[in-house]
Every structure is written in structure tokens, then in C-alpha cells.
K.L.:
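Here you go, one structure.
Whatever order the structure lists them in is the order used to number ligands and atoms, beginning at 1.
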Amino acid sequence: MNEKPVSREEIFKELDEFQSLDCKYSDGRILGSMCTEAHPIAKEVFNRFLDSNLGDPGLFKGTKLIEDEVLKMIGSFLSLENPSGHIVTGGTEANIMAIRAARNLAREKGISNGEIIVPQSAHFSFKKAVDMLNLKLVNAELDENYRIDPSSVEDNVNENTVAIVGIAGTTELGMIDPIEELSDIALENDVHLHVDAAFGGFSIPFLKDNHDFPRFDFSLPGVKSITVDPHKMGLAPIPSGGILFRDNTFLDAMSVDSPYLTIKHQSTIVGTRLGASSAATFAVMKYLGKEGYRKFAEESLVKTHFLANELKGLGYDLVVEPNLNIVAFNHPNLKTDDLAVMLEERNWKVSCSVCPKAIRVILMNHIKKDNLIEFISDLKEISESI
Ligand SMILES: *Cc1c(COP(=O)(O)O)cnc(C)c1O
């Protein structure tokens with residue numbers, strides 16, 4: 001490290017050089033990300049709340065009220081009036097908290113070798129959760145549309161099951177699991193049902209009036225917790241995740257004494273934590289309203305269907321008809337990896353799904369129709385060249 005202070009100009013010059021290596025959402029070439037550029041009002045507010053610490057909420061009483069308000073607003077579109085929970089760093093932390101609560105409550109009932117049942121399509125954060133929480137991960141099978149097969153869940157439930165996980169908007173394909181059926185199974189077996197709506201939580205509720213989506217929220221009595229990420233479809237800055245619980249018993253089950261703070265107990269995994277995420281999420285949610293989120297969600301679906309139809313016209317195969325704003329596809333005469341390389345050579349930042357292997361495009365807000373037209377023209381060239 002430097003001994004003598006470096007000037008602002010020098011520092012910014014150096015940082016500019018580093019930052020010039022980063023991809024920019026506004027270029028419209030990032031096709032494989034579930035994040036997008038945060039809304040301007042969210043960025044402005046984030047800066048204002050940079051010094052707040054929700055790990056010590058007695059010192060930041062106002063910011064703590066903002067966090068509570070955000071949870072209430074999210075609860076209002078997930079059919080829960082008074083949610084318990086926190087704004088956290090993202091879906092990973094939210095999922096770990098949900099599983100930790102379920103495990104601790106199961107432990108009180110005498111379960112010591114706990115298992116969780118997740119669909120094969122589950123996000124890898126559950127692998128981290130079981131590793132940290134000393135649980136066993138059991139994979140439930142998928143149906144032909146890559147949704148969890150409830151009968152496979154029933155086959156796998158046993159006396160050690162501490163939680164069942166369903167997904168509302170899978171990471172790879174954007175599919176919505178049949179949560180209603182999982183809710184019934186969870187109630188019958190007295191098991192915690194967690195819904196991972198990290199991706200879909202900020203779009204499905206706003207689309208459901210015009211689209212035929214299955215229920216996935218707290219209106220289903222078996223659902224005990226939901227993950228929903230403001231920093232994906234919510235247009236909030238990173239890091240903004242959300243974990244909502246049906247009532248306080250779940251946070252209480254994770255509570256530890258926090259002697260030197262202004263509060264006596266803490267249930268979050270992290271200690272010192274941002275208030276800026278809550279404040280920025282509050283701002284963008286108020287600013288857009290349900291109307292704004294509906295508009296963004298509908299626009300992303302229009303782009304999804306446009307891309308899907310063009311791909312079919314060019315002879316590409318869709319893995320599945322999209323539920324949400326993700327399109328996964330292959331070319332019948334190309335390996336996925338080879339197609340990915342050809343797209344990378346044309347400067348497209350795509351990602352591949354694993355189950356099944358395919359090119360995966362997430363139609364986020366930063367991808368405009370013009371970008372898609374260019375992308376489709378490159379795909380046409382590729383398919384004509386082989
Ligand atoms: C993105 C995602 C996660 C992980 O969220 P992070 O914010 O990256 O930690 C978890 N579950 C699903 C379904 C996701 O799409």
C-alpha cells in the first residue's frame with residue numbers, strides 16, 4: 001500500500017481504468033444476468049443511507065422503520081399483512097435464513113439428522129445452506145416442463161424432513177413450481193414449506209391478473225417463508241434480498257443474545273448490515289408503484305415472446321415454453337458450448353443452463369428491442385453458416 005496519500009484525481013483515474021474492463025448493462029449485451037441497472041432514485045437514496053447500520057437498529061430507529069415498511073409493502077403483494085423478516089444481501093442469505101429457521105424449529109421437535117427436499121432445478125444456494133447447517137440435501141424430480149414433481153416430494157418426505165422448497169421462477173428456466181400441491185404435502189406432514197421467489201417475486205404478483213400463473217404466496221397455508229430479491233426484478237441496487245416469514249416464531253428460533261448492541265437479540269446471519277438497501281428499495285418501490293412494476297414485467301414478457309418466436313422461426317429449439325422472462329434454447333446441429341463460443345465471439349454475454357444444457361437469455365430491463373434484433377440477426381447468420 002502507498003505510504004503517502006494519493007490525490008483524488010489519481011485515484012479516480014486508476015479506478016476508471018479498472019472500471020473500463022467491466023461490462024455495462026446499458027450496452028444491452030449482457031443477456032445472461034438476473035440483475036440489472038438499479039433505478040436512478042434507488043442509487044441516489046442508497047448513497048444517502050450508506051452509514052446506517054441495521055445491525056444496531058436502536059441507533060438507526062428511522063432506518064429500521066424503513067426496513068419494516070419495505071417488508072410490509074412486499075407482504076402486500078404476497079398475501080401477508082404483517083410479515084416478519086429482513087432485507088438481506090440477496091437470495092442466498094435469504095434462503096439460508098429460511099432453512100436455518102426450519103432446522104431450528106425441527107430441532108425443538110427432536111429432529112437431529114435433518115433433510116431438506118429441493119427440486120433438481122434449485123439454486124445452488126441450498127447446497128451452501130445444507131453444508132453450513134449440517135443437513136442432507138434430497139433432490140426431488142422434475143416433470144416434463146422442468147417443474148418439481150409433487151409425487152417425488154411425497155416419495156421423499158420422511159421423519160427427518162425439516163423443509164420442502166418450491167421455486168417461483170427457477171434460476172435456469174424461470175419455471176413456477178406447483179406450490180399449491182407442495183403446500184398440501186407440507187401441511188399433511190407438518191413440514192416447513194419455503195418458496196424461493198428470488199427471481200419471480202417481483203414479477204409474478206404483477207402479472208397474475210393478465211396471465212394464468214399458479215398461486216405461490218402466503219395465501220397458501222403451508223407456505224411459511226418466501227425469498228424475494230429486490231436486486232433482481234425489483235430494480236433495487238445490489239445487495240438487496242428479502243426474506244419474509246409468516247410470523248415471528250421463525251426469527252425467534254434463530255435469535256441469539258447480542259449483549260453490546262442497542263437490541264438484546266439478533267436473528268440475522270450477518271451482524272453489521274446495510275440500511276441503504278432497505279432505503280433504496282423503499283424509494284424505488286414507492287416511485288414505481290404496482291403500476292410501474294406491472295409495466296416492467298409485461299414489457300419483459302413481450303420481449304421474451306418476441307425472442308422465442310424469432311428463434312423458432314430460425315430453426316432453433318426452445319427447451320420449454322417460457323413461463324417468465326427467460327428463454328433457453330439450442331440449435332439442433334450445434335453443441336451448446338460451441339454456440340456459446342460463437343455468440344461470445346460476437347460479443348454477446350450469454351450464460352448456459354445446466355439442466356438441461358442450453359443457451360439461457362434473461363430478458364431484463366436493460367435489454368431493448370434493438371439489442372434483440374441484432375442478437376437475432378447474429379443467430380440467423382450462425383444458423384446459415386453451419
Ligand atoms: C438468483 C437466485 C438466488 C440467489 O440469489 P443471490 O442474490 O444471487 O444470492 C436464489 N434463488 C433463485 C431462484 C435465484 O434465481
Side-chain angles (χ1 to χ4, degrees), residues 25 30-38 42 74 78 85-100 102 116-132 137 139-140 142 146-148 163-179 182 193-205 213-214 216-217 223 225-244 268-270 273-274 277-278 280-281 297 300 304 322-328 351-355 360-365:
Y25 291 115
I30 301 181
L31 304 184
S33 172
M34 300 188 117
C35 290
T36 189
E37 189 166 350
I74 296 175
L78 296 178
H86 284 293
I87 296 303
V88 295
T89 55
T92 299
E93 190 184 345
N95 285 340
I96 293 170
M97 279 183 71
I99 301 304
R100 181 172 170 226
I116 65 169
I117 302 173
V118 309
Q120 274 165 5
S121 53
H123 185 264
F124 54 81
S125 48
F126 292 102
K127 290 188 182 158
K128 300 178 185 177
V130 296
D131 182 42
M132 284 188 253
L137 191 74
N139 273 308
L142 306 182
Y146 303 95
R147 298 180 193 127
I148 197 168
I164 297 167
V165 175
I167 309 178
T170 58
T171 309
E172 297 207 315
L173 303 174
M175 305 314 284
I176 305 171
D177 284 336
I179 307 295
L182 298 184
L193 173 58
H194 173 62
V195 175
D196 184 358
F199 181 63
F202 263 92
S203 63
I204 303 165
F213 287 138
F216 76 99
D217 66 14
V223 174
S225 54
I226 303 182
T227 288
V228 41
D229 274 2
H231 72 198
K232 286 183 174 167
M233 292 298 285
L235 300 178
I238 300 166
S240 307
I243 178 65
L244 276 73
T268 46
I269 296 170
V270 294
R273 62 190 185 91
L274 291 159
S277 303
S278 288
T281 302
S300 66
T304 302
N323 272 4
L324 296 177
N325 50 321
I326 301 181
V327 179
S351 75
C352 292
S353 61
V354 177
C355 175
R360 157 180 176 266
V361 173
I362 303 136
L363 284 301
M364 298 301 286
N365 191 41

K.L.:
Would you check whether E93 reaches within less than 4.0 Å of ligand 1, judged by its heavy atoms?
P.N.:
no

K.L.:
Taking distance alone, with N or O pairs closer than 3.5 Å, would you say T171 contacts ligand 1?
P.N.:
yes

K.L.:
I'd like to check L78 versus L244 (side-chain heavy atoms, cut-off strictly below 4.5 Å). Are they in contact?
P.N.:
yes

K.L.:
Do the non-hydrogen side-chain atoms of D177 and F216 ever get within less than 4.5 Å of each other?
P.N.:
no

K.L.:
Looking at ligand 1, does any of its N/O atoms fall within less than 3.5 Å of an N/O of H231?
P.N.:
yes

K.L.:
Does any N/O atom on T92 come nearer than 3.5 Å to any N/O atom on ligand 1?
P.N.:
yes

K.L.:
Name the closest protein heavy atom to atom 6 (P) of ligand 1, giving the residue it belongs to and the distance to 0.1 Å.
P.N.:
G91 N, 3.4 Å

K.L.:
For ligand 1, indicate whether the residue D229 contacts it via side chain, backbone, both or neither (heavy-atom separation under 4.0 Å).
P.N.:
side chain

K.L.:
Closest by any non-hydrogen atom to atom 2 (C) of ligand 1: pick that one out of H123, K232, M34.
P.N.:
K232

K.L.:
As an exercise, identify every atom of ligand 1 less than 4.0 angstrom from a heavy atom of G90.
P.N.:
7 (O), 9 (O)

K.L.:
Please list, chain by chain and in numerical order, all residues satisfying salt bridge (charged side-chain N to carboxylate O under 4.0 Å, His left out) with R273, sequence neighbours excluded.
P.N.:
E67

K.L.:
Identify the two heavy atoms, one from A198 and one from K232, that lie closest to each other, and give their separation to 0.1 Å.
P.N.:
O-CD, 3.9 Å

K.L.:
With sequence neighbours left out, write down each residue that passes ring-ring contact (aromatic ring centres under 6.0 Å, His included) with F202, or none if nothing qualifies.
P.N.:
F77, Y293

K.L.:
Can you tell me the protein heavy atom closest to atom 11 (N) of ligand 1 and the distance?
P.N.:
D196 OD2, 2.6 Å

K.L.:
Distance alone, cut at 3.5 Å: any donor-acceptor contact between the side chains of N95 and S125?
P.N.:
yes

K.L.:
For residues S300 and N365, determine if any side-chain heavy atom of one lies less than 4.5 Å from a side-chain heavy atom of the other.
P.N.:
no

K.L.:
Below 4.0 angstrom from a heavy atom of N95, which ligand 1 atoms are there? Numbered from 1 as shown, please.
P.N.:
10 (C), 11 (N)

